[in-house]
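Bear in mind the structure is a predicted one, so any value in this text is a computation, not a measurement.
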Amino acid sequence: MKHWAIGFALCALAGCASYYEPAVVEDGLISNPKVGWGGYSIRIPDGLALIYPLPDDEVSERALAFREWYDKQANRYSGDYYNAFTERFLLENPERTFIISFLSETYELPVGWTMMNSVDATYFIQKLINRKKVVINDDHASSEQVEINGRPGWRVSGVSRPYFKKDGQVSDYEGYFIIGGLKEAFWIEGYGAPGTRAELRAAVRAMVESLDVKGLDQR
């Protein structure tokens with residue numbers, strides 16, 4: 001089965017370049033050859049179902065509520081960068097105890113990652129990691145640098161707390177931020193019910209390890 005994620009690719013800047021096209025989802029693989037040097041692909045872990053994007057009449061209230069919550073939390077922190085192109089996909093396990101979000105972002109950077117000096121790259125990446133800790137509302141979340149299939153990345157582990165709710169439900173959080181080959185980057189992150197961290201962590205890691213970022217010589 002194959003479909004295009006039409007209507008769910010978001011342009012943050014007016015007049016988004018026609019170069020970008022929405023990703024294709026086929027046989028459990030999300031791929032987009034128009035992102036970065038030669039595109040990316042990432043596999044949906046076995047047992048997880050795609051719940052967003054889908055045709056409007058198939059999107060669940062749970063998926064829409066999660067997206068609305070995520071957008072509201074993300075708007076609490078203003079970054080000093082712009083997104084030229086963004087795609088988001090939501091996955092859920094059969095027991096509905098956790099959701100995994102895959103986010104592909106292409107930034108309006110003056111140069112690509114490989115041409116950026118280390119000071120500027122470190123500053124920009126740390127801004128994104130700090131922003132994520134604001135989104136999940138966990139200043140004490142741990143973060144560490146990792147390498148994923150030859151790409152530099154960072155793992156963030158903590159909890160997600162609702163803002164301004166004394167007894168709001170807390171979720172386990174596991175997330176990875178991975179640098180692409182040009183000006184793109186990827187977030188693979190899971191939000192799970194308390195007590196599901198081991199299963200959540202395994203599912204997130206499986207998806208992370210399936211990420212394939214094409215380089216200039218692989219176009």
Any sub-3.5 Å donor-acceptor pair from [X]'s side-chain atoms to [Y]'s backbone N or O?
X	Y	answer
Lys34	Glu21	no
Trp154	Gly175	no
Ser210	Met207	yes

Any residue meeting side-chain hydrogen bond (donor to acceptor under 3.5 Å, both in side chains) with [X], in chain and number order, not counting sequence neighbours:
X	result
Asn117	Asp120
Glu147	none
Asn32	Glu87

Not counting sequence neighbours, which residues clear side chain to side chain contact (heavy atoms under 4.5 Å, CB included) with Arg201? List them please.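 Listed in chain order: Arg155, Ser157, Glu174, Arg197.
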
State which residues pass side chain to side chain contact (heavy atoms under 4.5 Å, CB included) with Asp46; sequence neighbours excluded, sorted by chain then number. none

State, yes or no, whether a side-chain contact exists between [X] and [Y] at a heavy-atom distance under 4.5 Å.
X	Y	answer
Val208	Val146	no
Asn130	Val134	no
Asn149	Asp212	no
Lys132	Phe177	no
Phe89	Ile30	yes
Arg205	Ile148	yes
Asn93	Thr196	no
Leu90	Tyr191	no

Under the salt bridge (charged side-chain N to carboxylate O under 4.0 Å, His left out) test, which residues partner Arg151, sequence neighbours left out?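 Salt bridge (charged side-chain N to carboxylate O under 4.0 Å, His left out) check on Arg151 returns nothing, list empty.
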
Specify the closest pair of heavy atoms between [X] and [Y], including all atoms of both residues, with the distance to one decimal.
X	Y	result
Ser104	Phe186	OG-CE2, 3.6 Å
Pro152	Gln145	CB-NE2, 4.5 Å
Pro162	Asn137	O-ND2, 3.7 Å
Pro45	Ala203	CG-O, 3.8 Å
Val156	Ala141	CG1-CB, 4.1 Å
Val170	Val159	CG1-CB, 3.7 Å

Atom pair NE2/OG of His140 and Ser142 - distance to nearest 0.5 Å: 12.0 Å

Measure the CD1-CD1 distance between Ile100 and Ile51 for me, rounded to the nearest 0.5 Å. 10.5 Å

Angle class for the Phe124/Tyr107 ring planes (parallel below 30°, perpendicular above 60°, tilted otherwise)?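 Rings of Phe124 and Tyr107: perpendicular, as their planes differ by over 60°.
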
Given Val24, which of Ser41, Ser31, Pro33 fulfils the side-chain contact (heavy atoms from CB on, under 4.5 Å) condition?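 Single side-chain contact (heavy atoms from CB on, under 4.5 Å) partner of Val24 among Ser41, Ser31, Pro33: Ser31.
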
Out of Asp172, Thr97, Ile99, which residue meets the side-chain contact (heavy atoms from CB on, under 4.5 Å) rule with Leu200?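 Going through Asp172, Thr97, Ile99 one by one, the side-chain contact (heavy atoms from CB on, under 4.5 Å) with Leu200 is satisfied by Asp172 alone.
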
For Glu95, does the CD atom sit with more than 12 other heavy atoms under 6.0 Å from it, leaving out its own atoms? yes

Find out if a path of hydrophobic residues (ILVMFWY) with successive side-chain heavy-atom gaps under 4.5 Å connects Leu29 to Leu91.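 No, separate clusters.
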
Hphob cluster co-occupancy, Leu54 + Leu103, side-chain heavy atoms under 4.5 angstrom: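 Same hydrophobic cluster.
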
Do Phe102 and Ile42 pass the side-chain contact (heavy atoms from CB on, under 4.5 Å) test, and can you show the C-alpha distance, the side-chain angles, and the key distance before you say yes or no? CA-CA 9 Å; Phe102 169 65; Ile42 188 167; 3.8 Å; yes

